[in-house]
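Below: one structure, written as structure tokens.
Order of listing sets the numbers, starting from 1, for every ligand and every atom in it. Source: prediction; values computed, not measured. Values below: every heavy atom of this structure, side chains too, minus hydrogens, waters and symmetry copies. Each residue takes its place number in the sequence, starting with 1.
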Amino acid sequence: MRTIPLSARTLLLSLVLAAPAASSAHPSGEAAPSGPVLAIHGGAGVVRGNLSPEEEASARAALAQALRAGHALLREGRPALDAVVAAVTVLEDDPAFNAGRGAVFTHEGHNELDASLMDGATRAAGAVAGVRRIRNPIQLARRVMEDSPHVMLVGEGAEAFAQSQGVALVDPAWFRTEKRWQQLQKARAEGAAAERAATVVADDPLRYFGTVGAVALDTRGALAAATSTGGMTDKRWGRVGDAPVIGAGTWADARCAVSGTGWGEFYIRSAAAHQICSRVGLLGEDIGRAATAVIDEEIPAMGGNGGAIALDAAGNIAMPFNTEGMYRGWIGADGVPHVAIGRDDAVAEDGAPAR
Ligand code: ASP
């Protein structure tokens, strides 16, 4: 595989990170970087202007840390699956994101977590949904994939399986943050007011977004994808979104890997992650076109919104989103993390703020 000079590579990355709606890091015709690649997201729907400088710095640092953690494994020659689990684990443990610690609350005041992952080399997949006491749902999803005959386990059954595997359950208080609790109070108050007025609550990005995800290409050329979320603030009745649904929020095969973030019902109804990869595999579209067709065309046409990260087997990345911002980042052969948040964010290395 040919490599492109670092300056050109950085320019291309600037394009994808700064104007991600329609571009890929290495548009067709360009050579992708040699070596392993890892891309991550920390959720669409973030409004950069609403973040305090401290919150922004901390989120950027966490994204850079997640990129380094996954990339270190890829550099050792470990599988893409290891890298996506490592990167997502860092983000699950960071309260800035709606996954693991810092997850949003259900209507009844619980944190109910969903996660899934897929190995593109084998099409093996694992998922958990609605778990309340699993510190790192992505690691349990991997156990489901490797140590059970099933693909998806939910709720108390998933937690019983975790215990049978020696995974310690945590006190649900581990996941609680005051910021998410206040978001629930606001959502509940708005919901009650809307009920009284018989109107529908306007879409608040904070209700729907903040999921984390990763896609990776390893030194053998294998791909993997992983996604983890607390779902939607104020969700009820055991609602499960797209994140743990293989083919909706997560997909990986031999040619393509995708992790989505957005209004999950629409990702399920469009089989978003699978469809992006099918467009690459069956229609021969490049990853940028395929991701744009689903995220920026089909989903908005249905009334949904959000973003995704997508990676092909040549190392081309696409990061489309149609919300105000999406926490996102990329790391390639040079081992330098690139992180962005807003729509017009410039590339920042090492997680340093760009403004
Ligand atoms: N897709 C997730 C869900 O609907 C939410 C998100 O991306 O933040 O549960």
Side-chain angles (χ1 to χ4, degrees), residues 40-47 50 59 63 88 91-92 94-107 110-117 127-132 137-138 141 152 154-155 175 177 179-180 183-184 187 203-215 225-251 258-276 291 294-295 298-300 302-310 319-328 341:
I40 60 173
H41 69 79
V46 58
V47 179
N50 289 351
L63 291 166
V88 167
L91 299 175
E92 283 180 338
D94 193 296
F97 306 97
N98 172 21
R101 191 170 191 209
V104 299
F105 284 90
T106 65
H107 187 75
H110 303 295
N111 302 109
E112 285 181 359
L113 312 171
D114 307 330
S116 70
L117 81 183
V128 294
V131 294
R132 294 184 180 174
I138 200 64
M152 183 188 271
V154 305
F175 303 107
T177 61
K179 184 173 173 173
R180 297 298 188 201
Q183 281 173 5
L184 173 65
D203 284 335
D204 176 353
L206 294 176
R207 282 170 68 124
Y208 297 107
F209 305 129
T211 294
V212 308
V215 290
T227 311
S228 181
T229 190
M232 188 179 122
T233 299
D234 201 25
K235 64 185 181 182
R236 302 175 90 163
W237 304 306
R239 180 266 185 189
V240 174
D242 60 311
V245 178
I246 297 299
T250 303
W251 182 263
V258 174
S259 171
T261 167
W263 194 341
E265 281 70 9
F266 292 90
Y267 282 64
I268 295 172
R269 290 169 55 204
S270 59
H274 178 260
Q275 193 193 153
I276 291 170
V294 176
I295 302 301
E298 183 166 328
I299 287 177
M302 294 169 74
N305 56 359
I309 52 173
M319 297 181 158
F321 61 93
N322 45 55
T323 51
E324 278 202 41
M326 180 169 83
Y327 289 116
R328 60 201 185 279
I341 300 177

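Taking any N or O of Gly262, backbone or side chain, at least one lies under 3.5 Å from an N or O belonging to ligand 1. Between Thr211 and ligand 1, an N or O atom pair is found at a separation short of 3.5 Å. The shortest N or O to N or O distance between Ala243 and ligand 1 is not below 3.5 Å. For Trp263, no nitrogen or oxygen atom sits less than 3.5 Å from a nitrogen or oxygen atom of ligand 1, counting backbone and side chain alike. At a 3.5 angstrom cut-off on N or O pairs, Asn98 does not count as close to ligand 1.
Taking a 4.0 Å cut-off on heavy atoms, Glu265 fails to register as neighbouring ligand 1. Heavy atoms of Gly210 come nearer than 4.0 angstrom to ligand 1 in at least one pair.
Judged purely by atom type and a 3.5 angstrom limit, Arg239 has no side-chain atom pairing as donor or acceptor with the backbone of Trp237. Side-chain atoms of His110 never come within 3.5 Å of backbone atoms of Glu112 as a donor-acceptor pair (strictly under, hydrogens ignored). For Lys179 (side chain) and Gly102 (main-chain N/O), no donor-acceptor pair under 3.5 Å exists by modelled atom type.
A salt bridge does not link Glu298 to Arg269: none of the charged side-chain nitrogens sits closer than 4.0 Å to a carboxylate oxygen.
The residue Lys235 has no part lying near ligand 1, judged by heavy-atom distances below 4.0 Å.
The distance from ligand 1 to the heavy atoms of Asp242 drops below 4.0 Å at these ligand atoms: 1 (N), 2 (C), 3 (C), 4 (O). Taking every heavy atom of Gly264 and a limit of under 4.0 angstrom, the matching atoms of ligand 1 come to 4 (O).
Of the residues Val104, Asp242, Asp114, Thr261, the one that meets the side chain to side chain contact (heavy atoms under 4.5 Å, CB included) test with Thr211 is Thr261. Of the listed residues (Ile246, Thr227, Ile138), just one forms a side chain to side chain contact (heavy atoms under 4.5 Å, CB included) with Leu117, and that residue is Ile138.
The two residues Gly307 and Ala44 come nearest to each other via the heavy atoms N-CB, 3.9 Å.
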